[in-house]
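Following: one structure in structure tokens, then a few remarks.
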Amino acid sequence: MTPDQIKLVQDSFAKVAPISEQAAAIFYDRLFEVAPGVKAMFPADMTEQRKKLMATLAVVVNGLGNLPSVLPAASALAKRHVGYGARPEHYPVVGAALLWTLEKGLGEAWTPDVAAAWIAAYGTLSGYMISEAYGSAQAAE
């Protein structure tokens, strides 16, 4: 990621943060709409899960300028997700739901440059998480 992309991700996330509860609800609604099979991996009461999502995103977004600082936590998270039933093919679906949510939340502030920055950020992080959880061969698929 370039410094400009990092700034775009951080600035756009700062615009979503004030509506984090709503954004998290929109994200999970979208995820369960496009991938209903993953709903069984989540608790019936999503309140805490939505908070965890936004807190994790905040840590990652704020750490993009020093990516090595967030990689240990990303590795641990990826390995925990295996225990929940997550598979490598879930990562693109989650990414698409995240981008869709950001587009809805940001409205006109969702520009092609912002989209490209988020795609780069998610691609970098998800590729790393997949390789940590399943091995580097899975990340390349």
Side-chain angles (χ1 to χ4, degrees), residues 1-43 45-141:
M1 291 188 69
T2 68
D4 286 345
Q5 287 178 317
I6 291 169
K7 183 166 174 31
L8 284 171
V9 168
Q10 289 174 337
D11 290 351
S12 60
F13 187 74
K15 293 175 185 172
V16 174
I19 59 160
S20 63
E21 287 183 33
Q22 182 184 0
I26 291 168
F27 166 79
Y28 282 111
D29 286 350
R30 179 64 175 177
L31 179 62
F32 298 155
E33 177 185 326
V34 298
V38 304
K39 190 169 186 174
M41 294 181 211
F42 293 91
D45 182 352
M46 291 290 292
T47 305
E48 284 304 310
Q49 183 64 37
R50 288 191 291 265
K51 289 177 185 174
K52 287 179 185 177
L53 169 72
M54 296 311 291
T56 301
L57 279 173
V59 168
V60 170
V61 166
N62 291 330
L64 286 176
N66 182 13
L67 202 53
S69 72
V70 298
L71 293 181
S75 175
L77 181 64
K79 291 170 184 171
R80 279 196 313 274
H81 277 93
V82 173
Y84 305 142
R87 297 188 309 269
E89 59 267 24
H90 291 135
Y91 281 80
V93 176
V94 168
L98 176 62
L99 296 174
W100 187 88
T101 301
L102 290 163
E103 181 179 1
K104 298 300 173 204
L106 290 168
E108 291 181 10
W110 182 255
T111 65
D113 287 343
V114 170
W118 274 97
I119 290 167
Y122 187 78
T124 298
L125 198 64
S126 66
Y128 175 77
M129 291 176 70
I130 291 167
S131 69
E132 287 293 292
Y134 309 99
S136 57
Q138 291 291 327
E141 290 181 6

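- The two residues A86 and M41 come nearest to each other via the heavy atoms N-SD, 3.9 Å.
- The shortest distance between side-chain heavy atoms of W100 and V34 does not fall below 4.5 Å.
- Between G63 and V70, the closest heavy-atom pair is CA-CG1, 3.8 Å.
- Closest approach of A116 and Q5 over heavy atoms only: O-NE2, 3.9 Å.
- Two residues are said to be in side-chain contact when any heavy atoms from C-beta on lie closer than 4.5 Å; M1 and V9 meet this criterion.
- At a threshold of 4.5 Å between non-hydrogen side-chain atoms, the residues L57 and L98 count as touching.
- Applying the side-chain hydrogen bond (donor to acceptor under 3.5 Å, both in side chains) test to pairs two or more places apart or on separate chains, those with a residue in residues 60-79 are S75-K79, S75-E132.
- Between atom CD1 of residue I26 and atom CZ of residue R50 there is a gap of 11.0 Å, rounded to the nearest 0.5 Å.
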Could you walk me through whether L31 and F27 pass the side chain to side chain contact (heavy atoms under 4.5 Å, CB included) check? CA-CA 6 Å; L31 179 62; F27 166 79; 4.2 Å; yes

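- Residues F13 and W118 meet the side-chain proximity criterion, which asks for heavy atoms closer than 4.5 Å.
- Ring geometry for Y28 against F32 counts as tilted: the plane angle lies between 30° and 60°, on a 0 to 90° scale.
- Counting only N and O atoms by type, the side chains of D4 and T2 include no donor and acceptor under 3.5 Å apart.
- Side-chain contact between L125 and V60 is present, with heavy atoms from C-beta onward closer than 4.5 Å.
- Minimum interatomic distance between S12 and L106 (heavy atoms only, all atoms of both residues): O-CD2, 3.5 Å.
- Residue V114 comes nearest to A109 through the heavy atom pair CG2-O, 3.7 Å, listed as atom of the first residue, atom of the second, then distance.
- The structure places NE2 of H81 at 12.0 Å from CD1 of I130, a figure rounded to the nearest 0.5 Å.
- Residue pairs satisfying the salt bridge (charged side-chain N to carboxylate O under 4.0 Å, His left out) criterion with at least one member in residues 11-27, sequence neighbours excluded, are listed as follows: K7-D11.
- A donor-acceptor contact shorter than 3.5 Å is absent between the side chain of Y122 and the backbone of A96.
- Distance check, rounded to the nearest 0.5 Å: CD of E48 to NZ of K51 gives 4.5 Å.
- Note that CG of L64 and OG1 of T124 are 8.5 Å apart. Values are rounded to the nearest 0.5 Å.
- Heavy-atom minimum distance, Q10 versus G65: NE2-N, 4.2 Å.
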Let me see the working for V93 and V38 under side chain to side chain contact (heavy atoms under 4.5 Å, CB included), right down to the final yes or no. CA-CA 10 Å; V93 176; V38 304; over 6 Å; no

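- Contacts classified as salt bridge (charged side-chain N to carboxylate O under 4.0 Å, His left out) and involving residues 99-121 (residues at least two apart or in different chains) are not found.
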